[in-house]
Amino acid sequence: MAERRDGTVLCPGSYDPVTNGHLDIITRSSQVFERVVVCVVNSPLRKNKTLFTAEERKGFIEEATGHLGNVEVQIFSNLLVEFARQLGAKSIVKGLRAISDFEYEFEMAQLNRKLDPEIESIYMIASPEYSFLSSTGVKEMATFGGDVSDLVPGSVAAAMADRLAER
Ligand code: ADP
């Protein structure tokens, strides 16, 4: 395998819940960079309530990435660039699916650059088999009893079925 680049990168997101698309980006990042910190957004002020708590979301990612030696998971509830500075990370890696992601990410990258020009946003193009996959889509499918076992880790599929049944 090629040598990894020095330093820490962040892979931020809500991960409600983590999907195989997220895991593809995290795994690929771990092959390129020395240390990957997956950052789970904990935003109690958000209008849309999450299906899983930040601790639960973190747990699913830890379980799915345990075999990758250079990946860790942390919860954050401050500005992403501030959190990056706290961890000494100079880069943020994000996945890009379709044109719709581009518009949002374009804005976020410009805002983050304004807040801290030293932190670089890096984009990885989604693998074709996951380019249609989102946490929102998976939750919608699961709500209506669709089979999501190919789209998320097994434990996540089971937890989603339980959580949605409680509602
Ligand atoms: P979602 O849009 O699924 O709710 P998040 O807010 O948790 O996702 O996204 C975290 C990051 O993962 C974002 O950079 C997002 O573009 C990326 N991402 C989400 N789903 C995929 C996928 N299927 N393939 C590649 N990247 C993805």
- Test log, rule side chain to side chain contact (heavy atoms under 4.5 Å, CB included), inputs I61 and I26: CA-CA 10 Å; I61 305 169; I26 295 166; 4.3 Å; yes
- Item | side chain to side chain contact (heavy atoms under 4.5 Å, CB included) assessment of S121 paired with K94 | CA-CA 7 Å; S121 298; K94 305 218 62 186; 5.9 Å; no
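Under a 3.5 Å cut-off, the side chain of S131 and the backbone N or O of R97 do not form any donor-acceptor pair. With hydrogens and angles ignored, the 3.5 Å screen pairs no side-chain donor or acceptor of T65 with any backbone N or O of L68.
Residue pairs meeting the salt bridge (Lys or Arg N to Asp or Glu O under 4.0 Å) criterion with at least one member in residues 130-159, sequence neighbours excluded: D16-K139. The list of ring pair (Phe, Tyr, Trp, His ring centres under 6.0 Å) pairs with a residue in residues 64-93, not counting sequence neighbours, reads F76-F83. The side chain to side chain donor-acceptor pair (under 3.5 Å) contacts involving residues 69-79 comprise R35-E72, E72-Q74, where partners must be two or more places apart or lie in separate chains. The stretch residues 107-135 participates, sequence neighbours left out, in no ring pair (Phe, Tyr, Trp, His ring centres under 6.0 Å) pair at all.
Closest of all the heavy-atom pairs between T8 and G88 is CB-O, 4.5 Å. Between L133 and G21 the shortest heavy-atom distance is CD2-N, 3.6 Å. Across R57 and S14, no two heavy atoms sit closer than the pair NH1-O, 2.9 Å. Minimum interatomic distance between A142 and V148 (heavy atoms only, all atoms of both residues): N-CG1, 4.2 Å. Here the closest heavy-atom approach between residue A64 and residue P153 is recorded as CB-CG, 4.2 Å. Listed here is the closest heavy atom pair of P17 and M160: CG-SD, 4.0 Å.
No more than 12 heavy atoms of other residues, nucleotides or ligands lie within 6.0 Å of CZ in R113, so this atom counts as exposed by the packing criterion.
The ring-ring contact (aromatic ring centres under 6.0 Å, His included) test applied to F106 returns F102, not counting sequence neighbours. For the ring-ring contact (aromatic ring centres under 6.0 Å, His included) test, no residue two or more places apart in sequence or in another chain qualifies with F33.
Contact of the E56 side chain with the T50 side chain is not registered, since no non-hydrogen atoms from C-beta on lie closer than 4.5 Å.
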